[in-house]
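What follows is one structure encoded as structure tokens, with my remarks underneath.
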Amino acid sequence: HHGYFRNCRSMIQLQHSSSHYSFNEDGLRDRNRAFFAGGSFQVYGDSVAKGLYLEADATLPAELERRLSPKLGYPFLNAGLRQSSPTNQSLFFELIAPVYPPKGLLLVLNGTDPQDEIFFRTQALSTDSKGVPTRFRTTEDPDWRYLIVSTIHRNFPRSLLGMRIIRFIRGREWGALMSKVPINEDTVCGGLFRFVGMAEERKLPYMIVFLPNPPDGLDGYFATYGTRYDSNSFDLLRSCARKTKGTVVDLSGLGGELKEDFLFFDHIHFKAPGIQWIANHIEEAVLRTFSAGKAKTSRAKLDGKSKSF
């Protein structure tokens, strides 16, 4: 269920619902590579963008494709990566771009991203010229590039008890490591600037969306890696995004509009009505941003058939 095994099918069972997962030959939760050979608008982000707990046709990329692909002429690719940060997403873009030609990039961020970004910096084995991590501690996997985007979860014991024990022990270790990392523009925004730089270098239209936090905020919630989320680092990430040349849609202040049936039990992942609410808010900006980029490239026609996963 972690979403990065190639040609995998699985199911997540919740108390009141279940969702089916399937992944293509490159570990993406979408159709096979050949479908996107003519180009695609690519949606990057963490498990919220990927659509954790949702059926494939209820995810944000799928919802945007239904609404906008007939107008824009390209499909939307689900490039979401569970428990990732902008650094991981930029690395993943570099990995798949040669075989999934991009026509535009949409980066979906939420209040979990700053702490995830800081975590990956503490795990860095090497960095590029700007100090952005490029390889990490858990590189014993021969295909280390895929390990980057799936973090360490492929090495976790499959039992729930084992998961809890390891998370507790490693959470204390990671928390100690991460507490030593200063909260500043470099540590919080480095991955975002790297992602934006790649888009601008390739002259791709790009857009950054900040999703709303729960009505009671994220302060005090435990992050995946044993630390606590805080609003200050999220505010800094939003400030960095506004310094870019891309379209920025900030929904983070609209948490009060989230209805009870918009969020799953963790108050982070969106149910189908919540995804539709997000699409309502960003649809016009996505169309405007990608239409401007499309005008600079030759148009490719979509297959007229309905979307099939």
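Bear in mind the structure is a predicted one, so any value in this text is a computation, not a measurement. As a basis for the values below, the full set of heavy atoms in this structure was taken, side chains included, without hydrogen atoms, waters or symmetry mates.
Ring planes of Phe195 and Phe93: tilted class, angle from 30 to 60°. Aromatic ring pairs are classed by plane angle as parallel below 30°, tilted from 30° to 60° and perpendicular above 60°; the pair Phe234 and Phe210 is perpendicular. Ring-plane geometry between Phe92 and Tyr44 is classed as perpendicular, the angle between the planes exceeding 60 degrees on a 0 to 90 degree scale with a lower cut at 30.
From Thr247, atom OG1 reaches atom CD1 of Ile282 across 11.0 Å, with rounding to the nearest 0.5 Å. To the nearest 0.5 Å, the span separating CZ on Phe193 from CG on Asp186 amounts to 9.5 Å. How far CG of Leu105 is from CG of Leu77: 10.0 Å, rounded to the nearest 0.5 Å.
Side-chain contact between Arg33 and Leu28 is absent, with no heavy-atom pair separated by less than 4.5 Å. Considering only heavy atoms from C-beta on, Asp30 stays 4.5 Å or farther from Phe35 through its side chain. When side chains are defined from C-beta on, Glu117 counts as touching Pro86, because their heavy atoms get closer than 4.5 Å. Residues Thr59 and Lys50 are not in side-chain contact: their nearest non-hydrogen atoms beyond the backbone lie 4.5 Å or more apart.
Closest non-hydrogen pair, Val249 versus Ala285, comes out as CG2-CB, 3.7 Å. Nearest approach of Cys189 to Leu236, heavy atoms of both residues: SG-O, 3.8 Å. The nearest pair of heavy atoms linking Pro102 to Leu204 is O-CD2, 3.4 Å.
Checked by atom type, the side-chain pair Thr87/Arg194 shows no donor-acceptor distance below 3.5 Å. No hydrogens or angles considered: a donor-acceptor pair under 3.5 Å links the side chains of Asn280 and Arg67. Side chains of Glu200 and Tyr206: a donor on one and an acceptor on the other come within 3.5 Å.
Between the side chain of Glu65 and the main chain of Phe76, a donor-acceptor pair closer than 3.5 Å is present. Side chain of Ser239 to backbone of Asp235: no donor-acceptor contact under 3.5 angstrom is found.
The cationic atom of Lys271 (NZ for Lys, CZ for Arg) lies less than 6.0 Å from the six-membered ring centre of Phe264 and within 45° of the ring axis.
At most 12 heavy atoms of other shown residues, nucleotides or ligands fall within 6.0 angstrom of atom CD in Glu284.
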